[in-house]
Amino acid sequence: MNPYLKQYQRTEVETATPERILILLYDGAIQFLNKALIALDEKNIPEIHNNIIGAERILLEFMNTIDFEQGGDFAVRLNALYQYLYNRLVEANMKKDKDIVKQVLNFLTDLRVTWKQAINMTKSEAQKIAAASTSGDTYVSNEDYDDDDDDDDEDDEDEEDEE
């Protein structure tokens, strides 16, 4: 590997936020599993093994960093999912089963998308709060509005115009 690229990657991880590190880890696990799929096609046993082990290590890292005190039931369920995916990778490695690798890859890809969306939503909410606090306005989240489920936003706008 190019030493400059390696240094760049090290610096990126050392200076990254926890949210960015989470996404980088998902990227790494996905990359390992894609390489494992290629190795499975080539019947390259050492490469299959090494890449599946790489993804397993990332899942172990996820499980080891879950905060069960703050996460409550969500943390327990997330840990169970990671444990399931880890066990599936162990099985895939033993059987050299491409379908299992694909299954775990699909789960991890979907989880990465979900985490990325959650991170973006959190950032957006934080920016709204920060903007409101610096302008002196009081920030009210969408959750604070009464949701009458009638989807008549146009009617609401017409009522405002009449006032």
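The basis for the numbers below is simple: all heavy atoms, side chains too, and nothing from hydrogens, waters or symmetry mates.
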*Listed by chain and number, what are the side chain to side chain contact (heavy atoms under 4.5 Å, CB included) partners of N120, not counting sequence neighbours?*
K116
*Could I get the full list of side chain to side chain contact (heavy atoms under 4.5 Å, CB included) partners for A75, not counting sequence neighbours?*
I66, F68
_Between L78 and Y84, is there shared hydrophobic-cluster membership here, with clusters defined by ILVMFWY side-chain heavy atoms closer than 4.5 Å?_
yes
*asked:* Membership question, hydrophobic clusters at under 4.5 Å side-chain separation (ILVMFWY): are L22 and L24 in the same one?
replied: no
Can you measure from [atom1] ([X]) to [atom2] ([Y]) and round to the nearest 0.5 angstrom?
| X | Y | atom1 | atom2 | value |
| --- | --- | --- | --- | --- |
| W115 | I119 | CH2 | CD1 | 7.5 Å |
| L89 | I53 | CG | CD1 | 9.0 Å |
| T17 | R20 | OG1 | CZ | 8.0 Å |

_Smallest separation among heavy atoms of A92 and I52, with atom names_ = C-CD1, 4.2 Å
_Using every non-hydrogen atom in the two residues, find where L85 and V104 come nearest and quote the distance to one decimal._
O-CG2, 4.0 Å
Please list all pairs meeting salt bridge (charged side-chain N to carboxylate O under 4.0 Å, His left out) that have one or both residues in [range], counting only residues at least two apart or in different chains.
| range | result |
| --- | --- |
| residues 67-83 | D73-R77 |
| residues 93-107 | D41-K98, E91-K95 |
| residues 23-37 | D27-R112 |

*Kindly indicate whether the side chain of L81, heavy atoms from C-beta on, has any atom under 4.5 Å from the side chain of F107.*
yes
*Between L108 and L33, is any pair of side-chain heavy atoms under 4.5 Å apart?*
yes
Would you give me the side-chain donor-acceptor pairs under 3.5 Å for residues 55-64, sequence neighbours excluded?
{"unit_1": "E56", "atom_1": "OE2", "unit_2": "V90", "atom_2": "N", "d": "3.4"}
{"unit_1": "N64", "atom_1": "ND2", "unit_2": "L60", "atom_2": "O", "d": "3.2"}

_If we count only N and O atoms by modelled type, under 3.5 Å, do the side chains of Q83 and N79 hold a donor and an acceptor together?_
no
*Kindly assign one of parallel, tilted or perpendicular to the pair Y26 and Y82, based on the angle between their ring planes and the thresholds 30° and 60°.*
tilted
*Report yes or no: does N34 contribute a side-chain atom to a donor-acceptor pair with the main-chain N or O of I30 at less than 3.5 Å?*
yes
